[in-house]
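Notes follow once the structure below has been shown.
Because only heavy atoms are used, hydrogens play no part in the values below, and waters and symmetry mates are left out as well, while side chains stay in.
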Amino acid sequence: MNVSEIFGQIPSEFILTGLSWVSEQKLTAWCSLLFLLMYIVVILGNCGIIILVRADRKLHEPMHVLTSLLAMLDLTVASSVIPKVLAILWYDSNTVSAGACLTQMYILYTMFGFESSLFALMSLDRYVAICHPLRHNTVMSNSFIIKLILFTVVRNSTLLVPMPILTKALTFCKNNLIAHSYCEFVEVIKLSCGDLTPLVIYMVSLIFLIPASDNAIIIFSYIMILKVVHSLKSSEAQWKALNTCSSHAIMLSMFYFSACIPLVIFLYFPDSPLPLKTLPEVLSCLLIPVINPIVYGVRTKEIQEGFKRLYWKVLAF
């Protein structure tokens with residue numbers, strides 16, 4: 001099925017054409033090898049962080065627990081996209097059913113929402129640690145962290161449910177060719193010629209309910225942190241305070257940078273060639289999950305010591 005009927009329902013399947021340029025340029029072997037190697041690094045790096053934080057009791061602190069959850073999300077995002085990308089490159093398996101497409105869309109946007117919320121919780125933890133150090137253990141207790149995480153899970157997973165439902169209810173009257181390597185929301189709704197008003201209202205509301213509220217917490221936290229740092233008289237104390245949130249700031253910057261690139265391309269280069277449209281988003285599903293464990297491991301002394309303890313435990317057996 002290549003073309004859906006005019007004023008028809010959602011096509012039974014979609015065809016992903018975002019990587020057609022790879023075979024045309026005879027880059028299939030190189031691209032698939034690059035994506036495969038990066039995906040292996042993603043699995044090893046993020047699983048390493050998850051296992052380490054779970055196994056080492058000294059790392060059962062809010063920031064480390066939240067970072068292990070971030071590793072789980074990065075692993076989920078990469079696993080939702082890259083296996084299909086590799087299937088397209090290796091076996092030319094570029095079709096996806098409507099149900100699988102909507103499911104992938106829901107999982108990806110839910111995970112992105114979770115990441116935004118986790119960064120907000122991390123900044124809140126850094127705010128309490130720097131601005132109220134004596135109350136950090138009391139305020140950011142395990143029970144409080146669990147409640148925040150459960151609230152985030154329920155809020156984000158519930159608020160994202162209407163996305164696939166409203167998308168499925170759209171009227172599709174164009175072809176079923178998605179100019180991407182996975183079911184990207186904007187590319188899917190481009191195939192519709194029906195009334196998008198309910199979907200637009202929902203998406204605007206969603207922006208205010210998840211990323212806007214998360215960004216408000218992040219901005220507030222860092223403003224208060226900078227105020228406290230500025231009030232410190234010793235430059236050494238200022239550096240030490242800033243260094244405690246440097247890993248979070250680096251990961252947060254990369255998260256926003258990877259999110260802004262597709263948005264800039266969509267807004268200012270709507271007719272951009274396929275490589276410019278698809279490659280940045282595929283790489284963002286790999287680069288951020290690759291870099292996050294490295295940044296966190298290199299810049300966090302507790303993680304380095306945790307890996308050393310885990311290493312000697314393994315040798316002891």
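Note on residues 36-53: pairs passing side chain to side chain donor-acceptor pair (under 3.5 Å), not counting sequence neighbours, are Y39-S79. The ring-ring contact (aromatic ring centres under 6.0 Å, His included) analysis of residues 215-239, with sequence neighbours excluded, yields the pairs Y127-F220, Y222-H248. Listed by first and then second residue, the side chain to side chain donor-acceptor pair (under 3.5 Å) pairs that reach into residues 98-114 are Y109-E184, sequence neighbours excluded.
Not counting sequence neighbours, R54 has no partner by the salt bridge (Lys or Arg N to Asp or Glu O under 4.0 Å) test. Shown here are the ring pair (Phe, Tyr, Trp, His ring centres under 6.0 Å) partners of F112, two or more places apart in sequence or in another chain: there are none. In this structure H136 satisfies the ring pair (Phe, Tyr, Trp, His ring centres under 6.0 Å) test with no other residue, sequence neighbours excluded. For C183, the disulfide (SG to SG under 2.5 Å) partners two or more places apart in sequence, or in a different chain, are C101.
Within the 3.5 Å criterion, the main-chain N or O of V53 finds a donor-acceptor partner in the side chain of H60. Under the 3.5 Å distance criterion, the side-chain polar atoms of N215 are matched with a main-chain donor or acceptor of P211. Distance alone, capped at 3.5 Å, places no donor-acceptor pair between the N292 side chain and the A71 backbone. No donor-acceptor distance shorter than 3.5 angstrom exists from the side chain of T158 to the backbone of R155, with no hydrogens or angles considered. Side chain of N176 to backbone of P11: no donor-acceptor contact under 3.5 angstrom is found.
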Which atom pairs, donor and acceptor, lie under 3.5 Å between side-chain atoms of residues 21-28 and protein residues at least two apart or in another chain?
| unit_1 | atom_1 | unit_2 | atom_2 | d |
| --- | --- | --- | --- | --- |
| W21 | NE1 | G18 | O | 3.0 |
| W21 | NE1 | T278 | OG1 | 3.4 |
| S23 | OG | S20 | O | 3.0 |

In residues 139-149, what donor-acceptor pairs under 3.5 Å come from side-chain atoms, sequence neighbours left out?
| unit_1 | atom_1 | unit_2 | atom_2 | d |
| --- | --- | --- | --- | --- |
| S141 | OG | S143 | OG | 3.2 |
| S141 | OG | F144 | N | 3.4 |

Pair up each side-chain donor or acceptor in residues 88-100 with any protein partner under 3.5 Å, not counting sequence neighbours, and list the distances.
| unit_1 | atom_1 | unit_2 | atom_2 | d |
| --- | --- | --- | --- | --- |
| W90 | NE1 | S32 | OG | 3.4 |
| S93 | OG | K84 | NZ | 3.4 |
| S97 | OG | A100 | N | 3.2 |

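The pair K308-E305 does not count as a salt bridge, with every side-chain nitrogen at least 4.0 angstrom from each carboxylate oxygen.
Residues near I207 contribute nothing to a hydrophobic cluster around it, because no ILVMFWY side-chain heavy atom sits closer than 4.5 Å to its side chain. Under a 4.5 Å side-chain heavy-atom cut-off, the cluster of Ile, Leu, Val, Met, Phe, Trp and Tyr residues that includes I219 is completed by I223.
In this structure, L37 is not a member of the same hydrophobic cluster as V81, with clusters built from ILVMFWY side-chain heavy atoms closer than 4.5 Å.
Atom OG1 of T67 and atom OH of Y296 lie 3.5 Å apart (nearest 0.5 Å). Going from atom OG of S68 over to atom CE of M63 covers 11.5 Å, rounded to the nearest 0.5 Å.
In terms of heavy atoms, S80 sits closest to I107 at OG-CG2, 3.5 Å.
Heavy-atom contacts from other residues, nucleotides or ligands closer than 6.0 Å to CE of M72 number 12 or fewer. Annotation: F257, atom CZ; neighbour count of heavy atoms from other residues, nucleotides and ligands within 6.0 Å does not exceed 12.
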